[in-house]
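Here the structure is a predicted model, which is why all the values come from computation and not from measurement.
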Amino acid sequence: MGKKLYVGNLSYQVDDAALGELFAAHGQVQSAQVIMDRETGRSKGFGFVEMSSEDEAQAAISALSGKEHGGRALTVNEAKPREPRSGGGGGGGGGGYGGGRGNRF
């Protein structure tokens with residue numbers, strides 16, 4: 001099973017292919033994805049790279065974290081599992097209309 005890495009502080013000119021090439025010197029890259037803004041189509045300045053082994057991932061972190069690329073010092077570390085998104089406020093809880101006490105005349 002491969003290891004997924006977070007890569008931050010990327011130059012906005014870096015695309016998926018360039019990101020993959022950057023990490024290929026440190027092992028086999030399973031996937032490389034620069035995260036793009038849905039509305040503007042521009043890079044958000046970070047991405048994810050999946051290496052084929054944990055050893056390769058650690059080698060890439062050691063070699064690239066803090067290294068300058070495109071005029072910016074890269075942040076490279078192990079990607080954290082995605083947090084489940086909260087529903088953004090008071091979802092559930094059943095409607096507020098008396099729960100079964102209706103129409104007692």
(request) Drop me the distance from Leu10's CG to Thr75's OG1, to the nearest 0.5 angstrom. (result)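 Here the rounded value is 9.0 Å.
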(message) Just verifying a value: how many Å separate Gln28 CD and Glu50 CD, rounded to the nearest 0.5 Å?
(response)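 Those atoms lie 11.0 Å apart.
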Closest approach of [X] and [Y], non-hydrogen atoms and distance?
| X | Y | result |
| --- | --- | --- |
| Phe23 | Leu5 | CE2-CD1, 3.8 Å |
| Val76 | Ser65 | O-OG, 3.5 Å |
| Met51 | Ala60 | CE-CB, 4.5 Å |
| Ala73 | Asn9 | O-ND2, 2.8 Å |
| Val49 | Val7 | CG2-CG2, 3.9 Å |
| Gly8 | Phe46 | CA-CB, 4.0 Å |

Pair up each side-chain donor or acceptor in residues 33-45 with any protein partner under 3.5 Å, not counting sequence neighbours, and list the distances.
unit_1: Asp37; atom_1: OD1; unit_2: Glu39; atom_2: N; d: 2.7
unit_1: Asp37; atom_1: OD1; unit_2: Thr40; atom_2: N; d: 3.0
unit_1: Thr40; atom_1: OG1; unit_2: Arg42; atom_2: N; d: 3.2
unit_1: Ser43; atom_1: OG; unit_2: Gly45; atom_2: N; d: 2.9

(message) Going by salt bridge (Lys or Arg N to Asp or Glu O under 4.0 Å), name the pairs with one or both residues in residues 66-79, residues two or more places apart or in two chains.
(response)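 For residues 66-79: Lys3-Glu78.
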(message) Any heavy-atom pair between the side chains of Leu22 and Leu74 that's under 4.5 Å?
(response) yes
